[in-house]
Every structure is written in C-alpha cells, then in structure tokens.
2 protein chains.
Amino acid sequence: MSAQHVIATYIIETSLPLLHAAEVLAGEQSTGTFVRVQRESDDVRARFAAQVESIQEIPLTGASRLPGAVGDPADRRRAVLRLRFPLDNFGPSLPNLLAAVAGNLFEIKELSAVRLIDLDLPAAFAERYQGPRFGVAGTRRLMGASDGAMIGTIIKPSIGLAPSELAEVVGELAEAGIDFIKDDELQGNGPSSPLSARVDAVMPVLHRYADRTGRMPMYAFNITDDIGRLEANHDLVVAAGGTCVMACVNLVGLAGLELLSTHTAVPIHGHRTMFGAIGRSEQVGIGFRAWQKLARLSGADHLHTNGISNKFYETDDEVLDSIAAVREPLLGINSTVPVLSSGQWGGLAHATYRAVGTTDLLVLAGGGIHGHPDGAAAGVSSMRDAWASAARGESVHEAVERSDALRRATEVFGPVRA
Amino acid sequence: MSAQHVIATYIIETSLPLLHAAEVLAGEQSTGTFVRVQRESDDVRARFAAQVESIQEIPLTGASRLPGAVGDPADRRRAVLRLRFPLDNFGPSLPNLLAAVAGNLFEIKELSAVRLIDLDLPAAFAERYQGPRFGVAGTRRLMGASDGAMIGTIIKPSIGLAPSELAEVVGELAEAGIDFIKDDELQGNGPSSPLSARVDAVMPVLHRYADRTGRMPMYAFNITDDIGRLEANHDLVVAAGGTCVMACVNLVGLAGLELLSTHTAVPIHGHRTMFGAIGRSEQVGIGFRAWQKLARLSGADHLHTNGISNKFYETDDEVLDSIAAVREPLLGINSTVPVLSSGQWGGLAHATYRAVGTTDLLVLAGGGIHGHPDGAAAGVSSMRDAWASAARGESVHEAVERSDALRRATEVFGPVRA
C-alpha cells in the first residue's frame, strides 16, 4: 500500500451547507452509499474514504441550476472544492481513476453545479503511462522546422474533395512552404475519400517535394475509426512514409488514444472535437485543464487548444489558459505541442506571442492561408513573417512595414492585433 | 455511393433567426468553413452538405445561455432541429459519425444551447456492428432465470472489502437466491483488491453454489481498465468460469466497448458512469436516447438506465423514457437488458411494471436488499415477490398481503408505491 493520493478540484454549487454537499460527493465517490452498510467499518472508511482537502466559497455566476438540483435556489452557494482520493482506491489506471473523480458525481442531486476542473496526479501515473513519444522536439525534427512557430493548415473544404483534388491542394501547400497539413476531423474513412486513397494521393506529392527540397511537410492523416482499425490505419500511413497520424481523442476515447500511443511510430495529432459536450457548460462536465492532463498522459503529441479571436465560444483568457496548461510540465513526461486553430491568421501572432512567450506552437490557419489575396504561398509567408516579427520583439507597426505578405493579409482580415 | 442518410435530432437555442443558426450548424459539420473556399463547388455542396430536414420551435425552458453565446438574450428561441447527413460523409463508422453529428458543434457561439437528442441510423451500421452478443435471452440463459424480473445487487461498501470479505458477501447473496451481483464501478483493479484476487475469491464460491443447486448467479466483474488490458481481464474472468464482464462505457469509451464486444465470450454489463457529464445539462451535450443507440451498437448486453424514485437527479419520466428507448428495436440487432438501479427496492416494482409492461429488466438493489430488516435473503424475496405480483396484475395491497418479505421491507423503506 502506498500513501499516495490524487487531488481532484471541482467547482460545485449547492443549496445545502457547502461542507455537507462536499461530503455527499466524497462519500458517493468512495466508500459510501445512501445507508451505512455491514462491513463498512471505521477501518475501511479510514483507508478508502475520499477526504475534503479544502473548500473555498466563490461568487455565483448567474448560470441556472442543473436539472434536478434540490433545495431552495435562493440558498445557493458556489465553491472550489479539493477532494483527496487514496491512490489505492483505483491504482494508476486512468479509466479507473475517472470512475472515482468523474463518475456518478455529475448526477448528484444535492449539487446544482459540479465541474471537475483540475487533477493533481502522483508519479505512479507517469510510471504506467509514457505520454507523448515525440513532443515538441520530435515534431520539429520530423517536419524540419528547428525554430519559430510551426505553421500549418487544414484541408478545406472539410470533406468532398476527391483524392486527386486533395493531391493538388497538398502540392500547392507544400510549394507554399508550409510545415504541417491536416485532414479535417470530418474527413474520416468514408467511401468517397477513404484513408488509403488519401495516403496514395498525398504521399507521392510530399515525397517528390522532399526529394527536391530536402524537407517534407508533416501531414496528419485522420486515422480516427474503430479501435480495432487504428493500428492498421496507422501502419498504412507509416508504410507510405507518413510522419503523423491524427486521432480525435474523444471519438476513439482517451483509452483508445492511449492504446494507439503504445503502437505509434509517428507523432499523434490529438484533435479535441466533441470536447464542448463536456467542456462548455459552466455547471457540469470537465474543464480543459483537467482533460488535457489525461490526453497528454494518454500520448497526445499535439493537442488542440483553440486560438485567440477564434470563431468558437471561448474567450481569449480561456484559450490562453489552455495553452499555458498544455505547456506546464506534467510528471516528467514529454512535452505536448499546443495546436492553435479556428479563425487564425498572421495578424494574431503578436498578441498571442506576448501572452504565451514561446514559438513552440503549431498554429493552424485555414482561411488565413487559403484566403490570402495573393494565394496560399503568401498566406504562409504572412504567418511566418508575423510570428518571426513577434518573436524578435518588434511592434505590430514594424511587422507590417517589413512584410508585404502580412500587409496584404490585413487588407482582407483587418488590422494586426496589438 | 449510396443514397443513405443519418438524421440527427438536436435541441438548439439561438438569438439568431432559427433557420440561419441551423444552417451555421449544418455548414460547420459538413462542407463549410467561415469563408467559401476554392474547390467548394456546387457539386461538392450538393453531395456532401448536411441539410435541414425540419425545424420546430419549442418554448424556452428558463435555463441560462451557454457561455460565449452571441446575440441579444431577449431574442432567444428554442427549437427541435433535424439535420440530414449523407452517410458517404463518414461511412458506417461510429467514431467518424460522431465527428459529424457531435463534434465541434457544441462550441458554436451562434448557439446558446445545443444538445444531440436522437439519431436515426441506416442499416449499414448494423452490417458493420454486431451489437449485443447475448442480450435478454443470452443473459437469462446464463443466469438460469427464465422469466420474471432479474434481481440483482451491487457489492457494498463500493470499495474497501478484502477479497476474503467479498467472498463472504457473495456467498450470502448466492444463498439469498439472487440472480446477479456486480462490482461497484469504483472497484476497478486497484492494489487492495485487484481483479485477479476478486475472481479467485468469488468464483469458487459461485461454483460451489452452482454444484449444489444447478444454478450460478451471474457476477459482473468490473474489468474496466486500459484498452490493452481489457482482453486479458476478460479472459481471466472467463477462464475461471465467470459469466459476465462489466465495462464502464464512458471510461473505456464507446470505441473501447466495441472492441471488447468483438472478443467477448460472455455478456457485457454496460455501466453508464460519467454519463452525467454529457447528459445532465439542458443546454449542451448528448441525451440518453442518442447515447444508448451508440452503446447498443457497440455491444452493451446490459445498459444502466437508472430507476424510478432514484437518488440521482433524473425524474421518473426521464428514467421511463430511457428504459423505453433501450427496449426499442434497433436495426435488427440483439436486445439489450435495461438495468434499473439507484434507490431501488421491492416497493417500486408495481409502479415500474405498470409503466414499462415487461419483466425483461435487471433490477439492482443495494440498500434495498442488504438493508432489509430480515437480511439479504428476505431482501431478495421482497424484490422477487413484488415483481411477480406486479406481473400478475395484482394491486399493491394484494402484494403486501401475500408477501411477508415485502411487508417487512415497507417497515424500513416506506409504503409500496402504487
């Protein structure tokens, strides 16, 4: 028996006394049931019960109560609650951990809000889970991008391109000098453009470019599918010389990602699609800070964080916190590359760099590259110029002065964000 | 190319004109991006675009808007939206289907609520996915319960029992005449009571009972763990003569469940823990009616639906809709047994039976059996008597008249619910 623990941090809201509600949660998620039963001895409780580590009241947000919450709405209080779970309750198994820290608790009617927002895990998890095999350094090496922000794009239209059209697009993007290209998460393994046909169409284009220039852009083929097919999908990509596979973490599951990571020979590009289902509500679910730790331990070399000024619901502060979270050390495992996407273009480089202070990022622009008035090559240049300028500490004004491509981009996408 | 489609049904809420918001959703989830791009031809749109099938306004619920929603809150309207997706966009792959019907859409800021509530899937999914291998008939055969409600219980305390104590509890429950026993979802494979030790402790007890009586209660060992361990965990149970494995569907993932189903030699007991993270909010996530179809196609022989008068947040109407949903035919695949649990006891049999009209149910009582004033055997009798009485069409009054065990239960748990 070790004396190690997991600390799970929640936001809860309740009309009961805060400590009582916290104890309901702790009991439900460890030794308790609704009545004390035979053999639930004091010794069992002492060894296995989850304990309230701290509880700190915070202001209500104005969000409405979860359905089924009991008590008088006027009595509601909100708090940050830290619970301590003995590691021995589940061992260093991510799926079994989740049963304790994120299982039935979301259904507790004594809580009118319950969100898991962070997890502090003991080293035993890193002994069991290797985390990313490639991380920042391995990704840079494979794409031949030794410094600066890594610039990438998403194939658009998301779906509908024939493999021959896809090959054309990829050829144009390679010539434009891009570091990274990815399938859209909607492009899986459908009959009109199956994975094998995409690999057959794309890889010769990339090889020809690499033979000529010595550098092959990384293409993240979306291999998301039934878990029994992931290994074969991965092997198909790698056999053709591909250097990245993309998995939608929530669609193969964190556990599916972990299985893939034990097999992969290339970086895994972790897409977060469906995250909004657990992440968007203020009142229930799992926050990005907690979720990204699970995804990193499960082997995501790249992980989508969203970008500032994005087209989705998240605020810049939330996005920046997500990027910072992915960059924080985690139990000594390899780094994960934050992936900034959605509404990105060169004009966001300075504001992003000032907030994050690094270029160890993969920045994806769809419209920001394809929609540049002088074409995709100018789009890539505008991104690269802007990030290099930001990293040199130049002002926005200097950046636009020095880069024709960025200046032209501002004519379509508006002024550079300071 | 087939002409088949998937229909996804959502509840949405928006401050934009309803049809416009619906089209934003449809575009994001098929061919669109925020600008029309090169090669997004009319032909591509015609073949691949998701289409609004119907949209019907419904009243607002009073729930607050999702974070980041745009527009004037006063302009909000709520609707049931049915979208039609060409099957060719993803093929009959559940993970790839989810990218389209439940991917980025939860993050759309034009929507102040977005919930996937149902899915109509074409037959191609049942050609690819076998669904439950055992279902109702296979489960009844293995537990030797040819008719009547299947009566089961959960080991309590949830965690903390030593394997030797577990063996004692299982022996008592077998003698009590129970059909089914399960590990708690919190009992995974931790160091204090690892799966192998539980199997070694429990199976000899069950074999001795079966040798004497000719009937072995079904024990659902919780084999939830990393996907790479599921097969070995399953094989350990089956090699010892076990007749059921339990998997927490959301912890191994739907895709992990599906992989297990291709290997299993016994029924899979599908626990829904963590469902509240996607299911509880009125404003975001995935409803049980949609989720249970995915779990059944992925091979869940048993699926937790909750029970009436439960200790969690769901109303009786919601629970009864969940039970009805699991019992509806699905593309010709095998049946799945609804599992009623949480706060169950004999006194809920009549009200439940009147609403569902079947005894093809697995009804789990923890406190309702362990907490019976005359012990577990009387607890089991009270459950069995109550369900038999309900199925015979007797009144609650007759049931209590005819069963001492049920009458004694009412002294602890209150009157039988009519």
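A quick note: this is a predicted structure, and the numbers were derived from the prediction, not measured. Numbers restart at 1 for each chain; the letters A, B, ... are given by sequence-line order, proteins then strands.
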With chain B, which of [options] has the greatest number of heavy-atom pairs at distances under 4.5 Å?
options	result
A/G188, A/P95, A/S298	A/P95
A/G91, A/A99, A/C248	A/A99
A/Q283, A/E165, A/E168	A/E168

Ion pair present between A/K311 and B/E107, side-chain N to carboxylate O less than 4.0 angstrom? no
Side chains of [X] and [Y], heavy atoms from C-beta outward: is any pair under 4.5 Å?
X	Y	value
B/L98	A/E185	no
B/Y313	A/I108	no
B/K109	A/F312	no
B/L259	A/D226	no
A/I227	B/I227	yes
B/L186	A/Q29	yes

Using non-hydrogen atoms and a 4.5 Å limit, figure out which bit of [X] sits close to chain A: side chain, backbone, both or neither.
X	value
B/V169	both
B/A69	both
B/N310	backbone

Largest heavy-atom contact set with chain A, pairs under 4.5 Å, which of [options]:
options	result
B/R128, B/Q187, B/E282, B/E110	B/R128
B/D225, B/T224, B/V284, B/I278	B/D225
B/P67, B/A63, B/G190	B/P67
B/R272, B/E318, B/E314, B/H271	B/R272
B/G253, B/P194, B/G160, B/G62	B/G160
B/A162, B/S281, B/A102, B/P92	B/A102

Quick one: does any side-chain atom of [X] pair with a main-chain N or O of [Y] as donor and acceptor, under 3.5 Å?
X	Y	result
B/R280	A/F106	yes
A/S64	B/S64	yes
A/T273	B/N104	yes

Regarding B/S192 and A/D88, do their side chains bring together a donor and an acceptor under 3.5 Å, going by distance alone? no
So what's closer than 4.5 Å to chain B heavy atoms on A/T315: side chain, backbone, both or neither? neither
Side chain, backbone, both or neither: which part of A/R115 has a heavy atom under 4.5 Å from chain B? neither
Spacing of OG belonging to A/S93 relative to CG belonging to B/L251, to within rounding of 0.5 Å: 9.0 Å
Can you give me the closest heavy-atom contact between B/T31 and A/I159, atom names plus distance? CG2-O, 4.2 Å
